[in-house]
Amino acid sequence: MRIATWNVNSIRSRVDRVVAFLERHEVDVLAIQETKCRDDQFPLLPFQAAGYDVSMVGYHQWNGVAVVSRVGLKDVQIGFDGMPTWGDGDQSSEARAISAVCDGVRIWSLYVPNGRSLDDPHLIYKLDWLAALREAGAGWLAQDSQEQIALMGDWNIAPRDEDVWSVEHYAGHTHVSPQERAAFEAVVAAGYADVTREHTPGPGTYTYWDYTQLAFPKRRGMRIDFCLGSPALAQRVDGAFIDREERKGKGASDHAPVVVDLAAQLSS
């Protein structure tokens, strides 16, 4: 089974590219972030023509997440228990988390809040959001330690110094602050392993490059897209790669897809 995550930065602008990626790499399930459209605007037909089912949540022209699968979509959940909202809005003000069971694996597509700057209230929201995810994630494993769960998405955190092209350049900014890194590691400590790093070692391994100042050709990137797996999921991982080619060319997203291969499950 092959699963992947990709911040596509507008699904309507890149649907052909995304479908081509799915077919080229024979991806079974894709977690998508930043669809940037309402549910009624999501381009379903190209995915359905390629043999994929889609579950999505999007309320406005920003955020938005989806799970695309050719191996089934069961028990779709929008959001997780305790997930905070931004400001005084209700749950419909954000679209940052959706999950479904796909061939026995609970796939989460997560778009973690950005944080904006170290003195912005959005950073507090980001930390609260991650704390709620940690609590929810720990609860899932407490209920069933053998559940296969993949927390996939754009985490907006570079957990290690090697995950940015220049530590000095990002000093004093979000994505690399001690509190954000601690929040990421708290999710790991709750029982979820970073299942991609072993197969895609750094330094110089990135998943995001800004559109400005020739960041991509200059290799000035960040590693902020991850798959964190529950113990039962992590033991099935037998490979992973970052499709850097998808950051190239006209109309590319500023993120590259992260792909994870799972070994076949043993029959009981």
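The analysis underlying the following values was restricted to heavy atoms, covering all of them including side chains, and did not include hydrogens, waters or symmetry mates.
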Taking Arg219's backbone N and O only, do any of them form a donor-acceptor pair with Tyr206's side chain (distance below 3.5 Å, no angle check)?
no
Salt bridge check: are Arg197 and Glu162 linked by an N-O gap of less than 4.0 Å?
yes
Side chain proximity check, Leu123 to Arg116, heavy atoms < 4.5 angstrom:
no
Exercise: identify the closest heavy-atom pair between Ala158 and Met222
CB-CE, 4.3 Å
Could you report the tightest heavy-atom contact between Val27 and Ala4, atom names first, then the distance?
CG1-CB, 4.1 Å
Heavy-atom pair of closest approach, residues Leu73 and Cys102:
CD2-SG, 3.8 Å
Could you go step by step and tell me if His175 and Tyr208 meet the ring pair (Phe, Tyr, Trp, His ring centres under 6.0 Å) rule?
CA-CA 12 Å; His175 293 60; Tyr208 166 83; 7.7 Å; no
Assess, by modelled atom type and distance only, whether the side chains of Asn114 and His122 contain a donor and an acceptor separated by less than 3.5 Å.
no
Donor-acceptor contact below 3.5 Å, side chain His173 vs main chain Ala171:
yes
Can we say Asp243 and Lys248 salt-bridge, meaning some charged N sits less than 4.0 Å from an Asp/Glu carboxylate O?
no
Counting N and O atoms only, with roles assigned by atom type, does the side chain of Arg236 sit under 3.5 Å from a partner on the main chain of Ala263, one being a donor and the other an acceptor?
yes
Val71 and Tyr52: same hydrophobic cluster, using ILVMFWY side-chain contacts below 4.5 Å?
no
From the list Gln235, Arg106, Gln265, side chain to side chain contact (heavy atoms under 4.5 Å, CB included) with Gln148 holds only for Gln265
same_hphob_cluster(Ile242, Phe216) at 4.5 Å side-chain heavy-atom cutoff
no
Provide the closest heavy-atom pair for Ala234 versus Gly229 in the form atom of the first, atom of the second, distance.
CB-O, 4.3 Å
Closest approach of Tyr125 to Pro84 (non-hydrogen atoms, all atoms of both residues)
CE1-O, 3.7 Å
Has the side chain of Arg70 got a donor or acceptor atom that lies under 3.5 Å from a matching backbone atom of Glu26?
yes
Donor-acceptor contact present, side-chain Ser230 to main-chain Glu147, <3.5 Å:
yes
Asp144 side-chain N/O to Leu141 backbone N/O, donor-acceptor pair under 3.5 Å
no
Do Val29 and Val260 land in one hydrophobic cluster if side-chain heavy atoms of ILVMFWY residues count as linked below 4.5 Å?
yes
Any chain of hydrophobic side-chain contacts (each under 4.5 Å) joining Val68 to Val101?
no
With the threshold set at 4.0 Å, does a side-chain nitrogen-carboxylate oxygen contact exist between Arg96 and Glu34?
no
Where the side chain of Thr174 meets the backbone of Leu118, is there a donor-acceptor pair that is under 3.5 Å apart?
no
Knowing that exactly one of Phe184, Trp108, Trp129 qualifies, which makes a ring-ring contact (aromatic ring centres under 6.0 Å, His included) with Trp155?
Phe184
Side chain Tyr211, main chain Asp254, donor-acceptor under 3.5 Å:
yes
State whether the side chain of Lys36 and the backbone N or O of Arg12 hold a donor-acceptor pair below 3.5 Å, judged by distance alone.
no
Just by distance, do the side chain of Ser109 and the backbone of Val65 share a donor-acceptor pair under 3.5 Å?
no
Look at the rings of Phe47 and Phe42 and say which category their plane angle falls in: under 30° parallel, 30 to 60° tilted, over 60° perpendicular.
tilted
Under a 4.0 Å threshold between the charged nitrogen and the carboxylate oxygen, would Asp163 count as salt-bridged to Arg181?
no
Using 4.0 Å as the upper bound for N to carboxylate O, is an ion pair formed by Arg2 and Asp28?
no
Would a hydrophobic clustering, with Ile, Leu, Val, Met, Phe, Trp and Tyr connected at side-chain separations under 4.5 Å, put Leu30 with Val19?
yes
Less than 4.0 Å between a side-chain N and a carboxylate O, is that true for Arg223 and Asp194?
no
By the definition side chain to side chain contact (heavy atoms under 4.5 Å, CB included), identify the one residue from Val187, Ile149, Thr196 that meets it with Leu228.
Val187
